Amino acid sequence: MKQVFTKVLLASGLVMGLTAGAAQAQNATTPDIKRGETLFTQGDVQRGILACVACHGQAGTSAIAMYPHLAGMPAGYIVSQLKNFQVAEGADRSARMNIDGSPTAMAPIVAKMTEQDMNDLAAYISKQKLSKPAFAQHAADIAFVHRGREIWRAGIPERHVPACASCHGAEGQGMPEQFPFLSGQHPEYILSQLHSFAEGARTHGGAENMMGTIANRMSNADMKAVADYAAGIR
């Protein structure tokens, strides 16, 4: 009986230990939104982390077309993209590079970030609201708009390009954690990223870089049309 009681105590202690360990692990990455806001607005100069607001704008609404709006992006998606700027263990380059093969401006910043930093930043960004969404720049060009809408809704079947809406949603809201919203995003930024995928500068995304394959089948004119349409869709 004594042996049974001892075993029960040992088992209980093991379960309690595992539970406590799990709780500690969870607490280690529990997002701190206030800390995320501080990182976004002030950075951490001592560690070489620049303030995100300098490029991505107040509360994640970017005023510069070359830098994307971040406000309202799902936390999981933000974290995954921050990690894509880092060089993974065993790799010789990150999954997001400049088209010429050089590291992006994000590389030295994200290299200094911890998992906690990323979670905190992402939690803050995901709670913000896009205050000044971008719009289509060529809405008066009927043929241009038609082509963009056609690609968005139906893809380019003869080139095996699927409809953008199948992943990014009919209204451009994306699929949380996996595919970003494109509605209201700068069309110039969307176009630059399509080029990056096509040129192999962005190699993430699963299924052997699905977006790289898709973008590589598109002409520059088609990229421009769908980027402009995506920005203006609501």
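Quick caveat, the model's predicted, so the values are computed rather than measured. The first residue of the sequence shown is numbered 1, and numbering continues consecutively from there. What you see below is based on every heavy atom in this structure, not just the backbone, and it leaves out hydrogens, waters and symmetry mates.
- Of the N and O atoms on the side chains of His146 and Asp141, not one donor lies less than 3.5 Å from an acceptor on the other residue.
- Among residue pairs with one or both ends in residues 69-121, those qualifying as ring pair (Phe, Tyr, Trp, His ring centres under 6.0 Å) are His69-His186; sequence neighbours excluded.
- Closest non-hydrogen pair, Val79 versus Met118, comes out as CG2-O, 3.8 Å.
- Annotation: salt bridge (charged side-chain N to carboxylate O under 4.0 Å, His left out) contacts of Lys34 (sequence neighbours excluded): Glu37.
- Taking CE from Met113 and CD1 from Ile109, the interatomic distance works out to 7.0 Å, rounded to the nearest 0.5 Å.
- Formation of a donor-acceptor pair under 3.5 Å by the Gln86 side chain with backbone atoms of Val110 is found in this model.
- Residues Ile190 and Leu130 fall into different hydrophobic clusters, defined by Ile, Leu, Val, Met, Phe, Trp and Tyr side chains chained together at heavy-atom separations under 4.5 Å.
- Clustering of Ile, Leu, Val, Met, Phe, Trp and Tyr by side-chain heavy atoms under 4.5 Å joins Met66 with Ile64, Tyr67.
- Under the salt bridge (charged side-chain N to carboxylate O under 4.0 Å, His left out) criterion, Glu115 pairs with Lys83, sequence neighbours left out.
- Note on Ile125 and Phe181: same hydrophobic cluster, where clusters join Ile, Leu, Val, Met, Phe, Trp and Tyr whose side-chain heavy atoms are under 4.5 Å apart, directly or indirectly.
- Atoms SG and CE, from Cys164 and Met218 in turn, are 6.0 Å apart once rounded to the nearest 0.5 Å.
- Transitive grouping of hydrophobic side chains (ILVMFWY, heavy atoms separated by less than 4.5 Å) brings Ile233 and Val226 into a common cluster.
- Residues satisfying the side chain to side chain contact (heavy atoms under 4.5 Å, CB included) criterion with Cys167, sequence neighbours excluded, are Phe179, Met210.
- Annotation for Gln46: atom CD does not count as buried by contact number, only 12 or fewer foreign heavy atoms lying within 6.0 Å.
- Between the Asn98 side chain and the Pro103 main chain, a donor and an acceptor come within less than 3.5 Å of each other.
- Note on Phe144: it does not cluster hydrophobically with Ile151, by side-chain heavy-atom contacts below 4.5 Å among ILVMFWY residues.
- Sorted by first and then second residue, the side chain to side chain donor-acceptor pair (under 3.5 Å) pairs involving residues 128-139 (not counting sequence neighbours) are Thr61-Ser131, Gln137-Glu188.
- For the side chain to side chain contact (heavy atoms under 4.5 Å, CB included) test, residues two or more places apart in sequence or in another chain that qualify with Lys127 are Ile33.
- Residue pairs meeting the salt bridge (Lys or Arg N to Asp or Glu O under 4.0 Å) criterion with at least one partner in residues 86-106, sequence neighbours excluded, do not occur; the list is empty.
- Residue Met97 is not grouped with residue Leu82 when hydrophobic side chains (ILVMFWY) are merged at heavy-atom distances under 4.5 angstrom, including chains of intermediate members.
- Interatomic distance, CG of Leu121 versus SG of Cys52, reported as 4.5 Å (0.5 Å rounding).
- With sequence neighbours left out, the side chain to side chain contact (heavy atoms under 4.5 Å, CB included) criterion links Arg47 to Arg35, Leu39, Asp44, Ile49, Thr114, Asp117.
- Remark: Ser192 pairs with Tyr189 by the side chain to side chain contact (heavy atoms under 4.5 Å, CB included) rule, at least two apart or across chains.
- For residues 147-157, the pairs satisfying salt bridge (Lys or Arg N to Asp or Glu O under 4.0 Å) are Arg147-Glu150, Arg147-Asp222, with sequence neighbours left out.
- Screening residues 29-51 for ring pair (Phe, Tyr, Trp, His ring centres under 6.0 Å), with sequence neighbours left out, gives Phe40-Tyr124.
- In this structure, Glu171 places its CD atom where only 12 or fewer heavy-atom neighbours from other residues, nucleotides or ligands lie under 6.0 Å away.
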